[in-house]
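The block underneath contains the structure these notes are about, expressed in structure tokens.
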Amino acid sequence: MKRLILSLLTLIVSLLPSKGQNVPHFETPSSPAFTILDFEPVSVLRPTSPSELKTSVLSFFDKEGKFIPNMGLEVSPFWLKSNPQLKAKEYLDPNPIQSIKQTFTLSFATVKDSANGPGRLGMGVKFQPISGKTILEPKAFENLNKVLNLMNSVAAVRGLVNTGAISSLAEAIEKLVSLIKLDYGERTSKYYDRLFKEKAKNYSDEKETIIEFLEQLNEEFNDQSIRIDVPRIRKGFLWEIAAASSFSTYVSNTPDKIDKYGVWSTLSYKDKPNEDFLLTGRFFRTTGDTVKTSFDLGLSYVKDFTNFNFSIEGILRSSNMEYDDINSNNDPIRRIEKDFTYRLAITGQYKVNEFIYFNISLGKTYAQPFQSEGQFFSTAGLNFNLFKPLAIAEKINE
């Protein structure tokens, strides 16, 4: 019954219509920290722009029908603070070092195999040496253009002062305010009228003093750092590297140690802002009495719409398992077994609002040695994407 309900939810999400062309800031419902814990709603992690803070609640039902919530957290240190030194070119088309700084992300997750079983903790990092390119929309330049227009108006008034057409400071301010009114209306002109008159208190009507006043205004405008909201969605070639490790949170007499670690690399080519083709390669190693080494190669296709997105992925896995055994002569041996398996999955995400996304995944997971159970899996959860618009500071003279 639970599987039927989850299947119906997926169908409903897939049939929701797209009402526009704006693509939301979709994020994958998984992270390196979740992946290393073998809890993978999505195996091929989509390279995405970082958020200041993102949390995930990814849940499923155990064999006894008990609901198990699993928690994840991602944070991007670079975007937790303001970056007044970040220039437009560095963000729009960063070099590898700058790209790594902007995309470096830490992730943490905890999962449980059953409602009453011990938990495991995963920690991971990811970054993009190559993060594609993006361009600013014309609206992003409005504030810069406004400052440039103000500087042009000051230059025009200064020309009138030089020719003698304006002979007093009051006339210069009146002319400057009238030019601003033509460009930006009554309300803006009144603001600058008050500002200019306040600044003019220490200046006289002499020609040299009026020019000095206008030059001071120009310098102040030129030194302003203008906030520009920048897009998160990037196009072109993206390369992401990730690594993670996991630990048991079960308290025992033995010291805690890493029970699994892995590294992987994902290549993405995004020709359209709402579409991704992904290729990933992964290496995992599980330690302990049984040592398992896995090599994965996966492909994924992701499509974004206005209110939802979906992905289809396939992963091929080649693995070696080493464990202690006894041969026919009762001699201890180290047995090595090789295996080849695969995973197929489809994942859907629905945009509840700007910050909350519902996600659901269905598919067949990897076959496990010594297990005869079916490999069908289903997960559902919520992503809480706690981000604000990314912004950079830019100046006219840069």
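Counting begins at 1 with the first residue of the sequence.
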Whether K199 engages the ring of F213 as a cation-pi pair (distance to the six-membered ring centre under 6.0 angstrom, angle to the ring normal within 45°) should be assessed. no

My understanding is that only one of L150, L176, V157, I173 makes a side-chain contact (heavy atoms from CB on, under 4.5 Å) with L217; could you say which? L176

So, applying ring pair (Phe, Tyr, Trp, His ring centres under 6.0 Å) with F284, which one of W264, F295, Y366 is it? W264

Over all atoms of both residues, closest heavy-atom pair of L37 and G122: CD1-N, 3.6 Å

To the nearest 0.5 Å, how far apart are CD in E174 and CD1 in I166? 9.0 Å

For the residue pair F127 and F104, categorise the inter-ring angle as parallel (less than 30°), tilted (30 to 60°) or perpendicular (more than 60°). parallel

4.5 Å side-chain heavy-atom contact, I258 and F247: yes

Short question: side chain of S107, backbone of A33 - any donor-acceptor pair under 3.5 Å? yes

Go through the steps to decide whether D296 and R343 satisfy the test salt bridge (Lys or Arg N to Asp or Glu O under 4.0 Å), and finish with yes or no. CA-CA 10 Å; D296 296 348; R343 166 191 161 108; over 6 Å; no

Side-chain H-bond candidate by donor/acceptor type, Q98 with Y91, under 3.5 Å: no

Verdict with supporting geometry, S131 and R234, side chain to side chain contact (heavy atoms under 4.5 Å, CB included): CA-CA 7 Å; S131 57; R234 310 179 75 88; 3.9 Å; yes

At what distance, to the nearest 0.5 angstrom, does CZ of R285 lie from OG1 of T293? 4.0 Å

Would you give the length of the straight line joining atom CD1 of I312 to atom CZ of F310, rounded to the nearest 0.5 angstrom? 5.0 Å

If you measure only the distance, is there a donor-acceptor pair under 3.5 Å linking the side chains of S319 and S294? no

Enter the distance from K133:NZ to K235:NZ here, rounded to the nearest 0.5 Å. 12.0 Å

Can you confirm whether the side chains of S204 and T209 place a donor and an acceptor under 3.5 Å from each other? yes

Are L279 and I130 connected into the same hydrophobic cluster when the rule is that any two of I, L, V, M, F, W, Y join if their side-chain heavy atoms are below 4.5 Å apart? no

Do D259 and S246 get their side chains close enough for a donor-acceptor pair, meaning under 3.5 Å? yes

Hphob cluster co-occupancy, L267 + L299, side-chain heavy atoms under 4.5 angstrom: no

Is the F283 ring parallel, tilted or perpendicular to the Y261 ring (thresholds 30°, 60°)? tilted

Cluster link I180 to Y191, ILVMFWY, side chain under 4.5 Å: yes

Should Y342 and M321 be counted in the same cluster of Ile, Leu, Val, Met, Phe, Trp and Tyr side chains packed under 4.5 Å apart? no

For D304 and N274, which I'm curious about, is there any donor-acceptor pair between the side chains at under 3.5 Å? no

Grab the two heavy atoms, one from A242 and one from K126, that are nearest each other, plus how far apart they are. CB-CB, 3.9 Å

